[in-house]
K.L.:
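Just passing along the structure, written as structure tokens.
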Amino acid sequence: MQGDDTLNITIDVAGGETLYRAVQSPLGGPGRGSRLVGYHVPVRYSTLDPDYANDVFVVRWPAEVEEALAPYRPTGPGALRARAWNLLADFGLLLVILGVPLSFAGLLDVIFSLFGQPIFSDLIPGYWPGLALVAGLAALVLGGSCSILGDSPVAAFERKRARDGAPPV
């Protein structure tokens, strides 16, 4: 499988010297970097060594690239609902991320408490290992459900946009 494109940049330096550098295309996928050919972009570089090709940093890409790299924001009819569902999906992902360590810590503490050596009970007053385990597992289930429920309407919104002939984002 072919990777992202490499863009060759020519830098004219004072004194008539020309430097050649290469950067990865910010537009992912093979062939998409061809849209950037011919643009003048401001760059920074650290050496005038013609053999050193890894010191270039593109300061600002053309407007077309900035639009392509911008985060997706639904627009048009139903966009507000899609944003709300997307927010629910993000909240679900956050719950899953928080539920994993909480359930792991609760499970460890329940196991160690069975042998009379609780881990966190001495550190946190009022801590119950069984409650932490149940809370972590509940966060995993609730977060996964919210994430799945939130993503499906957003996907449906995108399918409807593509079917209606809306321009791709």
K.L.:
Below 4.5 Å, heavy atoms only, C-beta onward: do Val100 and Phe104 meet side chain to side chain?
P.N.:
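No; the side chains remain at least 4.5 Å from each other.
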
K.L.:
Contact between Val43 and Ile11 at the side-chain level, heavy atoms closer than 4.5 Å - yes or no?
P.N.:
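Yes; the side chains approach each other to less than 4.5 Å.
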
K.L.:
So which heavy atom on Ser103 is nearest to which on Leu137, and how close?
P.N.:
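Closest heavy-atom pair between Ser103 and Leu137: CB-N, 3.9 Å.
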
K.L.:
Looking at residues at least two apart in the chain, or sitting in another chain, which of them share a side chain to side chain contact (heavy atoms under 4.5 Å, CB included) with Leu142?
P.N.:
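With neighbours one apart ignored, the set is Leu95, Cys146.
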
K.L.:
Report yes or no: do Leu133 and Leu140 belong to one cluster of Ile/Leu/Val/Met/Phe/Trp/Tyr joined by side chain heavy-atom distances under 4.5 Å?
P.N.:
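Hydrophobic grouping puts Leu133 with Leu140.
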
K.L.:
Do Leu48 and Val56 share a hydrophobic cluster (ILVMFWY, side-chain heavy atoms under 4.5 Å, transitive)?
P.N.:
yes

K.L.:
So do the side chains of Thr10 and Leu19 get within less than 4.5 Å of each other, counting heavy atoms only?
P.N.:
no

K.L.:
Do Val13 and Tyr45 come close enough that some side-chain heavy atom pair is under 4.5 Å?
P.N.:
yes

K.L.:
Test of understanding: with side-chain hydrogen bond (donor to acceptor under 3.5 Å, both in side chains), list the residues that count as partners of Ser46, not counting sequence neighbours.
P.N.:
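In terms of side-chain hydrogen bond (donor to acceptor under 3.5 Å, both in side chains), with neighbours along the sequence ignored, Ser46 is linked to Asp55.
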
K.L.:
Kindly work out whether a path of hydrophobic side-chain contacts (I/L/V/M/F/W/Y, heavy atoms less than 4.5 Å apart) joins Leu107 to Trp128.
P.N.:
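They do not share one cluster, since no chain of ILVMFWY contacts under 4.5 Å joins Leu107 to Trp128.
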
K.L.:
Taking the side chain from Ser147 and the backbone from Gly143, do they hold a donor-acceptor pair closer than 3.5 Å?
P.N.:
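Not confirmed, Ser147 side chain does not pair with Gly143 backbone.
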
K.L.:
Just wondering, do Val59 and Val41 contact through their side chains at under 4.5 Å, heavy atoms?
P.N.:
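Not touching, per the 4.5 Å side-chain cut-off.
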
